[in-house]
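As the structure is a computational prediction, the values presented were derived from the model and not from experiment. The chains referred to below are lettered A, B, ... by the order of the sequence lines, with proteins before strands, and numbering in each begins at 1.
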Amino acid sequence: MLTLKQIYDSPEQIVAGLEKKHFADAQATIERVMAIDAERKAAQQKKDAASAEMNKISKSIGALMAQGKKDEANAAKAQTGELKQAVATYEQEMDTKEQELTNLLLTIPNVPYAIVPEGASAEDNLAVVLGNWPNRPMADAIAKNGAVALRDWDSATDETIAAERIAQSEKLPHWELAKKYNLIDFDLGVKISGAGFPVYIGQGARLQRALINFFLAEANKAGYTEIMPPTVVNQASGYGTGQLPDKEGQMYHCEVDDLYLIPTAEVPVTNLYRDVIIDEDKLPIKNCAYTECFRREAGSYGKDVRGLNRLHEFSKIEIVRIDTPEHSDASHKEMLAHVEGLLKKLELPYRILRLSGGDMSFTAALCYDFEVYSEAQHRWLEVSSTSNFDTYQANRLKCRYRRNEDKKVTLCHTLNGSALALPRIVAALLENNQTEDGIRIPAALQPYFGDDMIR
RNA sequence: GGAAAGAUGGCGGAGUGGUCGAUCGCGGCGGUCUUGAAAACCGUUGACCUGCGAGGGUCCGGGGGUUCGAAUCCCUCUCUUUCCGCCA
């Protein structure tokens with residue numbers, strides 16, 4: 001959540017930022033925050049004064065008792081009744097205001113950075129990079145403007161057109177290929193678990209393992225420490241990274257033990273640093289983790305969820321960084337370069353979008369999505385979301401560091417990104433690399449897969 | 001599942017009703033010594049809220065209670081460790 005300091009330092013900027021994020025009633029909400037806080041302070045001042053008085057009397061009683069002046073001690077005791085009542089009253093008022101304030105702050109999203117595009121939805125995202133694109137449709141149009149608004153050139157993502165193209169395309173969608181080469185059995189998954197839980201078989205399973213190892217190896221090369229965290233977390237962790245309370249319905253919940261299946265490794269890996277004060281010398285912290293991710297995806301249905309496009313359980317390698325405010329932007333860029341490097345090595349056509357204010361997640365200050373182009377579905381598939389949360393998450397987590405300069409305890413910046421999520425990568429790999437002889441495995445992946453083709 | 005013990009500052013670990021925000025050790029920081037470093041020695045070192053400041057307040061796992069006064073006593077919850085049982 002935002003800190004009060006941020007709000008007091010520049011209320012107008014915060015309001016403008018919230019409006020950019022399409023948060024309703026920004027002005028009124030910020031004014032309310034300050035009003036409640038003023039009430040809280042007033043209550044605290046009254047309470048502090050009463051407590052100070054109380055402490056003084058208590059101390060004097062101790063002294064009087066020690067000197068054996070029992071009568072005077074008893075006289076002092078008699079004075080405390082009213083004071084005690086006053087302390088209790090003010091204290092309760094203070095607690096109420098504090099709770100009210102926290103509850104309100106929790107409803108306020110993070111404020112986007114200046115370079116975040118204006119806009120309410122995905123339509124307004126800004127394509128900043130297009131890669132591995134030569135000899136593909138629309139190349140010319142795109143070459144002219146390296147960075148253009150998505151809606152100018154991306155009519156191919158329109159669902160109705162896509163449906164027609166699938167019908168016309170000589171390329172098979174991945175769910176057909178999965179069947180043809182016996183890589184994934186969706187029906188078996190339905191039988192043992194339910195829709196959205198595919199069973200990977202033979203070369204399909206081997207491809208999963210190859211990708212996991214490839215992504216982890218690349219992350220290790222880039223200096224990320226591999227973590228293997230639990231995939232089940234407690235409530236406090238859910239609150240720490242912001243999945244709770246608002247996204248409660250998106251997580252699987254084991255009620256008997258009140259534990260949650262993680263929707264991303266971000267949750268356990270970032271919560272490693274909850275309630276921690278880190279030495280500045282240890283920053284930046286660079287961790288990576290492969291985990292299974294579990295998402296209920298309540299309410300999604302239809303063509304979007306076909307095949308591997310949207311699953312309840314999937315494998316993902318996540319990179320998580322904790323850094324100083326001064327260095328977090330450079331950290332973010334390094335992460336973007338890392339993720340882009342993976343897509344280059346996989347030889348998949350991709351684009352990088354800077355998300356608009358309205359399309360960003362609640363907690364992000366700056367977010368880039370990576371999408372790969374699926375040549376049978378004629379759609380862009382999101383495979384990574386790489387965000388800087390500024391101090392927003394750290395404030396909730398109480399993740400702080402001790403500055404070398406003045407030894408002050410300061411909130412860290414947290415960042416994370418997928419590097420990468422497997423299912424849609426697999427979808428694109430299968431669809432884009434299909435040949436008459438089988439599915440070509442990109443050179444970088446061959447050592448991990450152990451072959452150059454799926455046959 | 002049964003039994004017992006425990007939860008204290010960055011870490012370890014004292015403290016069983018009144019200058020205890022907390023002895024001490026480690027670590028950190030400053031200094032002496034040294035060409036420099038190490039060692040040794042001396043000093044210093046919690047977080048948060050509030051106030052222009054002086055200062056005031058809160059915090060010894062969470063919550064509640066007793067008391068003029070609680071790290072210390074009582075209740076309760078959570079978690080951890082050990083032993084037994086079960087078991088990959």
Side-chain angles (χ1 to χ4, degrees), chain A residues 1-9 33-105 228 230-240 244 253-260 268 271-283 285 322 324 391 394-412:
Chain A
M1 58 187 175
L2 296 175
T3 63
L4 284 171
K5 187 172 186 323
Q6 286 175 295
I7 292 172
Y8 280 116
D9 281 352
V33 167
M34 298 201 276
I36 295 172
D37 186 52
E39 289 167 11
R40 193 199 99 240
K41 282 181 189 171
Q44 178 174 352
Q45 279 163 13
K46 286 189 279 186
K47 188 240 145 192
D48 283 358
S51 289
E53 184 66 21
M54 190 75 191
N55 289 341
K56 215 190 276 176
I57 294 175
S58 286
K59 251 180 204 172
S60 76
I61 291 174
L64 291 170
M65 296 290 258
Q67 293 165 30
K69 300 179 181 169
K70 263 212 159 151
D71 293 347
E72 289 179 48
N74 283 330
K77 278 190 199 181
Q79 298 174 22
T80 59
E82 243 176 82
L83 261 178
K84 211 175 163 185
Q85 189 53 46
V87 170
T89 308
Y90 294 139
E91 196 163 36
Q92 197 180 17
E93 190 180 332
M94 193 176 121
D95 287 349
T96 308
K97 291 298 168 194
E98 183 132 25
Q99 191 58 52
E100 205 179 322
L101 187 62
T102 305
N103 288 344
L104 183 59
L105 284 172
M228 192 175 270
T231 43
V232 184
V233 296
N234 57 26
Q235 255 191 30
S237 298
Y239 278 97
L244 294 174
H253 184 206
C254 309
E255 281 184 28
V256 234
D257 299 303
D258 197 19
L259 294 170
Y260 295 84
N271 271 285
L272 258 26
Y273 304 94
R274 168 153 49 85
D275 293 322
V276 164
I277 298 173
I278 307 165
D279 287 337
E280 182 169 350
D281 296 337
K282 303 245 171 69
L283 299 176
I285 285 169
I322 302 193
T324 62
T391 58
N395 189 32
R396 263 200 199 195
L397 288 161
K398 287 222 170 43
C399 171
R400 296 167 297 174
Y401 73 103
R402 195 174 295 280
R403 281 203 307 231
N404 280 338
E405 191 190 344
D406 53 8
K407 301 295 162 196
K408 276 265 162 32
V409 174
T410 313
L411 286 175
C412 298

For [N], take OP1 and OP2 only and decide whether either is under 4.0 Å from a side-chain N or O of [X].
| X | N | answer |
| --- | --- | --- |
| A:Arg402 | B:A47 | yes |
| A:Lys77 | B:G69 | no |
| A:Arg400 | B:G10 | no |

Polar side chain donor-acceptor pair, A:Asp258 to A:Asn234, under 3.5 angstrom: no
For A:Met34, look at atom CE and say whether over 12 heavy atoms of other residues, nucleotides or ligands are found less than 6.0 Å away. yes
Closest non-hydrogen contact found for A:Gly240 with A:Arg396 is O-CB, 3.7 Å
Has A:Lys41 got its NZ or CZ under 6.0 Å from the middle of the six-membered ring of A:Tyr8, at an angle within 45 degrees of the ring axis? yes
Dot-bracket summary - RNA chain B, pairs being Watson-Crick or G-U whose distances fall under 3.5 Å, with | when paired to another strand: ((((((((.[[[..)..(.....]]]((((((.......))))))(((((....))))).[[[[[..)....]]]]])))))))....
Rounded distance [0.5 Å steps], CD1 in A:Ile36 versus NZ in A:Lys97: 6.5 Å
In whole Å, what is the span from the CD atom of A:Glu280 to the P atom of B:G28? 16 Å
From the options B:G10, B:C48, B:C68, select the nucleotide whose nearest atom is closest to the side chain of A:Ile277. B:G10
Give me the distances for all protein-to-nucleotides 75-78 of chain B N/O pairs that come in under 3.5 Å?
none

Heavy-atom contacts, protein to nucleotides 51-59 of chain B, under 4.0 Å, summarised as B (base), S (sugar-phosphate only) or - (none) per nt, yield S----BSS-
